[in-house]
Protein chains: 2
Amino acid sequence: MKRYVDQLAALGQSGRLEIFRLLVRAGSRGSCVDDIKRSVRMPGSTLSHHLDTLARCGLLRPERSGRFVYYAVHWPEAARLIRFLTEDCCCKMSGRPGARPAAGEGRRRRRARPARRGGARTDESDTSPPRAARR
Amino acid sequence: MKRYVDQLAALGQSGRLEIFRLLVRAGSRGSCVDDIKRSVRMPGSTLSHHLDTLARCGLLRPERSGRFVYYAVHWPEAARLIRFLTEDCCCKMSGRPGARPAAGEGRRRRRARPARRGGARTDESDTSPPRAARR
DNA sequence: ACGATGTTTCTAGTATCACCGAAATATCCA
DNA sequence: TGGATATTTCGGTGATACTAGAAACATCGT
């Protein structure tokens, strides 16, 4: 569980997500730090920290080759993350998103719950941005 | 792009990931805050903040029903995130993870690059944790 | 060995975030 | 209306993260 949290947090940062996407496109051999630096235009120390973060959570793997260190996507781990999200979180919505996943729903309440007006609605009735400003 | 970053960051926190997974299992109608609170055992104010974060990035949608506010997974948005990750980041590794994605690789270097010893390796040769302690 | 190049560590400033108690707001029920 | 329940906002604190310049470390070519 913690590993997924770390991986999601690692990707949940613009700079790191950019780096990761770059390396996905770079292929299995990856890119060395200097090339990445030229692409993402970021001070070496900052880049190094981000790469370290991505490597620590398992999404990247460094490999030294002479003076250069190549960082490449660690596909098994990336696949594992995707699988976690799709299977554990979002498999229910494959197909049309409104499909209710027949959850156990066995949870009991201490007290009567007001009946849902309109009964089970179709959900996904709109795709509009979910009222961003609530304050 | 920013939306994906926000969503990944929102899920990259243990408490919020737990909430989100709970709501995935709760079905399309979602759960009201009080039920969630009893499940995740978290002070109301903290929970409210987390729910707000998840709602702001589009992954959850609140709906008031009397005294209760139901938070439910916003499936279209969740699906969009998954799609982004699979298509934009990790499609290459569907099937066996080692499959090299035939990257363009057209990027030029200022200077000669030391030849990769051993040529294209199979990658994913091991699944061991990527040398966590580098310091 | 020396200088050049590539990468990481050190150090530090700032911003952001997680957390939670207390108070405020909203709604229901009698 | 008043009390009870549900949820959010406010205020503050400690921890963590992002950033980056400077210095250190590693490796290559000569």
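In this text, all values refer to a predicted model and were calculated from it rather than measured experimentally. Just so we're on the same page: letters track the sequence lines, and every chain starts at 1.
When the C1' atom of D/dT19 is taken as reference, atom CG of A/L51 falls 15 Å away, rounded to whole Å. Straight-line distance from the CG atom of B/L54 to the C1' atom of C/dC17: 14 Å, rounded to whole Å. Distance B/D52 CG to C/dT25 C1': 16 Å, rounded to the nearest Å. As a whole-Å value, the separation of B/L47 CG from C/dC20 P is 11 Å. Between B/K37 atom NZ and D/dT8 atom C1' there is a gap of 11 Å when expressed in whole angstrom units. Regarding B/R38, its CZ atom lies at a distance of 7 Å from the P atom of D/dA6, rounded to whole Å. To the nearest angstrom, C1' of D/dT7 lies 11 Å from CD1 of B/I36. Straight-line distance from the CG atom of B/L8 to the C1' atom of C/dC17: 17 Å, rounded to whole Å.
A donor-acceptor pair under 3.5 Å is formed between the side chain of A/T86 and the backbone N or O of A/I82. Checked by atom type and distance alone, the side chain of A/T46 never pairs as donor or acceptor with a backbone atom of A/M42 at under 3.5 Å. Counting only distance, with no hydrogens or angles, the side chain of B/T53 and the backbone of B/H49 share a donor-acceptor pair below 3.5 Å.
B/Y70 has no side-chain polar atom (N or O) that falls below the 4.0 Å cut-off from OP1 or OP2 of D/dT7.
Under the side chain to side chain contact (heavy atoms under 4.5 Å, CB included) criterion, A/V33 pairs with A/L47, A/L51, A/V69, A/Y71, sequence neighbours left out.
Atoms CZ and OG, on A/R25 and A/S39 in that order, are 9.0 Å from each other to the nearest 0.5 Å. With rounding to the nearest 0.5 angstrom, the SG atom of A/C32 is 10.0 Å from the NZ atom of A/K37. One finds the OH atom of B/Y4 at 9.0 Å from the CG atom of B/L85 (value rounded to the nearest 0.5 Å). For the atom pair B/L81 CG and B/L11 CG, the distance stands at 6.5 Å (nearest 0.5 Å).
Listed by first then second residue, pairs satisfying side-chain hydrogen bond (donor to acceptor under 3.5 Å, both in side chains) with a partner in residues 7-18 of chain B read B/Q7-B/E77, B/R16-B/H50, not counting sequence neighbours.
Proximity of A/H74 to A/P76: side-chain heavy atoms (C-beta onward) are separated by under 4.5 Å at one or more points.
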Trace of the side-chain contact (heavy atoms from CB on, under 4.5 Å) decision for B/S31 with B/Y70: CA-CA 5 Å; B/S31 300; B/Y70 285 78; 5.5 Å; no
side-chain contact (heavy atoms from CB on, under 4.5 Å) between A/M1 and B/R21, worked out: CA-CA 11 Å; A/M1 198 73 243; B/R21 300 218 304 153; 3.6 Å; yes
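When each of C/dT7, C/dT8, D/dA6 is scored by its nearest atom to the side-chain atoms of A/C32, the top-ranked nucleotide is C/dT7.
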What protein N or O atoms touch nucleotides 16-18 of chain D N or O atoms at under 3.5 angstrom, if any, and at what distances?
{"from": "D/dC18", "atom 1": "OP1", "to": "A/R16", "atom 2": "NH1", "distance (Å)": "3.2"}
{"from": "D/dC18", "atom 1": "OP1", "to": "A/R16", "atom 2": "NH2", "distance (Å)": "2.6"}
{"from": "D/dC18", "atom 1": "OP2", "to": "A/R16", "atom 2": "NH1", "distance (Å)": "3.1"}
{"from": "D/dC18", "atom 1": "O3'", "to": "A/Q13", "atom 2": "NE2", "distance (Å)": "3.4"}

Which atom pairs link the protein and nucleotides 22-30 of chain D when you take only N or O atoms and keep those under 3.5 Å?
{"from": "D/dC28", "atom 1": "O4'", "to": "A/R67", "atom 2": "NE", "distance (Å)": "3.3"}

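Using five terminal pairs a side, the axes of the helix from C/dA1-D/dT30 to C/dA30-D/dT1 at its two ends make an angle of 30°, given in steps of 10 degrees.
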Letter per nucleotide, 5' to 3', of nucleotides 11-16 of chain C [B base touched, S only sugar-phosphate touched, - untouched; heavy atoms, 4.0 Å]: ------
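Using a 4.0 Å cut-off between charged side-chain N and carboxylate O, A/D6 and A/R3 make no salt bridge.
Of the candidates A/L17, A/L59, A/L23, A/L54 forms a side chain to side chain contact (heavy atoms under 4.5 Å, CB included) with just one, namely A/L59.
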